K.L.:
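Structure in structure tokens, see below.
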Number of protein chains: 2
Amino acid sequence: MDRTQLLKGVLDIAVLATLRDEDGYGYDILRRLRAAGFDDVGDASVYGTLRRLFQAGHLVTYVVASDSGPHRKYYSLNQSGRLQLKLAAETWRDFSATMDRLLAD
Amino acid sequence: MDRTQLLKGVLDIAVLATLRDEDGYGYDILRRLRAAGFDDVGDASVYGTLRRLFQAGHLVTYVVASDSGPHRKYYSLNQSGRLQLKLAAETWRDFSATMDRLLAD
DNA sequence: TGACAGTACTTCGCATTGCGGAGTAGCGTG
DNA sequence: CACGCTACTCCGCAATGCGAAGTACTGTCA
């Protein structure tokens, strides 16, 4: 089964969730997501999602130089982002509950 | 929150699930889905999904005349469809479990 | 020194899929 | 006869995940 389509509309929630407790930069968020179970998520998907969330005003960014590689663009949730995470998590729970009922019969 | 994107990749599983116990025609499946909690699913989405599932060989169809309206094109799960439902349901459970863990912290 | 791998990010265009709108058609009601 | 409900089809759009390519910095190893 291809899980690509399942990720649609979920990746933004997942990215917000990975930033809830700690700021992160794109490559790091990618690793966190893969470690969390989204093994096959593409890098461009994460960067694109971060860009969209930033443009929507849910994230703020700051650049930090690294001594072991190129610079890192950190992302952090602002108040709007935390609200968005809360709303999105509720939407997800409603949605998945509906789906579970349908599958359970 | 817009649930449109969340439906992607899930609608086919949901449609298969509505056909598990009883054959149905497009308009009827639409009503079942809306009754099950997918209030805002569009009719064209359901018809499109049925067409894709049929083309993939998961469904068989037969037409039945109706005495109160136009003809009805019934869809029924075949063996491939039942297998697909089983696999898709597992994929969904894995996926949603991963998501729940991420949101739960 | 030079090739390579890992880190880190960006841009481009493609594929999938849900959806709105329009159209066709049959039936019953006012 | 206009309207509304049922039932289906087709068209084109929008959102989004993804692969591929490119840029660039660092450290390792031959």
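Note that the coordinates shown come from a computational prediction; the quantities given were computed from them, not determined experimentally. Numbered from 1 within each chain, the chains take letters A, B, ... in sequence-line order.
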K.L.:
Considering heavy-atom distances to DNA chain C, does B:T49 or A:D43 have its closest nucleotide positioned more toward the 5' end?
P.N.:
A:D43
K.L.:
Nearest heavy atom decides the nucleotide; on that basis, is A:S66 or A:K8 closer to the 5' end of DNA chain D?
P.N.:
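Result: A:K8.
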K.L.:
Is B:R82 reaching over with its side chain to a backbone N or O of B:L77, donor-acceptor style, under 3.5 angstrom?
P.N.:
no
K.L.:
As an exercise, state the distance from OH of A:Y75 to NE2 of A:H58, rounded to the nearest 0.5 Å.
P.N.:
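Reported to 0.5 Å precision, the distance equals 14.0 Å.
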K.L.:
When the distance from CD of A:Q5 to P of C:dG18 is rounded to whole Å, what number comes out?
P.N.:
7 Å
K.L.:
Please report the distance, rounded to the nearest Å, between CG in B:L7 and P in D:dT16.
P.N.:
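Result: 14 Å.
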K.L.:
Rounded to whole angstrom units, what separation is found between the CZ atom of A:R72 and the C1' atom of D:dC25?
P.N.:
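So the CZ-C1' distance, A:R72 to D:dC25, works out to 12 Å.
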K.L.:
Quick check for you: to the nearest 0.5 Å, what is the distance between A:R32 atom CZ and A:L19 atom CG?
P.N.:
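Reported to 0.5 Å precision, the distance equals 6.0 Å.
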K.L.:
Give one of base, sugar-phosphate or nothing for A:G9, where a contact means two heavy atoms less than 4.0 Å apart.
P.N.:
sugar-phosphate
K.L.:
Looking at side-chain heavy atoms only, is the closest gap between A:T18 and A:D28 below 4.5 Å?
P.N.:
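When only atoms from C-beta onward are counted, A:D28 and A:T18 do not touch, as no gap falls below 4.5 Å.
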K.L.:
With rounding to the nearest 0.5 angstrom, report the CD1 to CG distance, A:I13 to B:L6.
P.N.:
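Taking CD1 in A:I13 and CG in B:L6, the distance rounds to 5.5 Å.
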K.L.:
Could you check if a side-chain atom of A:S45 sits within less than 4.5 angstrom of a side-chain atom of A:L7, using non-hydrogen atoms only?
P.N.:
no
K.L.:
Taking only N and O in the side chain of B:S45, is any of them less than 4.0 Å away from OP1 or OP2 of C:dC19?
P.N.:
yes
K.L.:
Between the opening five pairs and the closing five pairs of the helix from C:dT1-D:dA30 to C:dG30-D:dC1, how far apart are the helix axes, to 10°?
P.N.:
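Helix axis angle between the two ends: 10°.
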K.L.:
Give, for atom CG of B:L85 and atom CD of B:E90, the distance between the pair rounded to the nearest 0.5 Å.
P.N.:
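One finds 10.0 Å between CG of B:L85 and CD of B:E90.
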K.L.:
In whole Å, what is the span from the CZ atom of B:R51 to the C1' atom of C:dC19?
P.N.:
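B:R51 atom CZ is separated from C:dC19 atom C1' by 13 Å.
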K.L.:
At what distance, to the nearest 0.5 angstrom, does CG of A:L59 lie from CZ of A:R51?
P.N.:
12.5 Å
K.L.:
Could you tell me the separation between the CZ atom of A:F95 and the C1' atom of C:dG18, rounded to a whole number of Å?
P.N.:
11 Å
K.L.:
Considering only side-chain heavy atoms of A:K73, which listed nucleotide, D:dA24, D:dC10, C:dC9, is closest?
P.N.:
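The listed nucleotide nearest to A:K73's side chain is C:dC9.
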K.L.:
Answer with yes or no whether the hydrophobic clustering places B:L50 together with B:V60; edges join I, L, V, M, F, W, Y residues whose side-chain heavy atoms lie under 4.5 Å apart.
P.N.:
no
K.L.:
State which of D:dA20, C:dG18, C:dC9 makes the closest approach to the side chain of A:A44.
P.N.:
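The nucleotide sitting nearest to the side chain is D:dA20.
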K.L.:
Do B:Y47 and B:V64 share a hydrophobic cluster (ILVMFWY, side-chain heavy atoms under 4.5 Å, transitive)?
P.N.:
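Linked within one cluster.
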K.L.:
Among residues 10-17 of chain A, which ones have heavy-atom contacts with DNA chain C below 4.0 Å?
P.N.:
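Those residues: none at all.
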K.L.:
Enter the distance from A:L53:CG to A:D12:CG here, rounded to the nearest 0.5 Å.
P.N.:
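Taking CG in A:L53 and CG in A:D12, the distance rounds to 6.0 Å.
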K.L.:
Where does the angle between the aromatic ring planes of A:F95 and B:W92 fall among parallel (under 30°), tilted (30 to 60°) and perpendicular (over 60°)?
P.N.:
perpendicular
K.L.:
Going by number, which of residues 19-42 of chain A have a non-hydrogen atom under 4.0 Å from DNA chain D?
P.N.:
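Under 4.0 Å from DNA chain D: A:D40, A:V41, A:G42.
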K.L.:
Calculate the interatomic distance between B:Q55 atom CD and D:dC10 atom C1'; express it in whole Å.
P.N.:
14 Å
K.L.:
Ignoring backbone atoms, test whether A:Y47 places a side-chain nitrogen or oxygen under 4.0 Å from the OP1 or OP2 oxygen of C:dC9.
P.N.:
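Checking A:Y47 against C:dC9: at least one side-chain N or O falls below 4.0 Å of OP1 or OP2.
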K.L.:
Using whole Å, what does the distance between atom P of nucleotide C:dC9 and atom OH of A:Y62 come to?
P.N.:
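It is 12 Å, rounded to the nearest whole Å.
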K.L.:
For B:R52 and C:dG18, give me the distance from atom CZ to atom C1', rounded to whole Å.
P.N.:
8 Å
K.L.:
Name the closest nucleotide to the A:P70 side chain, picking from C:dT7, C:dA25, D:dC18.
P.N.:
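Nearest listed nucleotide: C:dT7.
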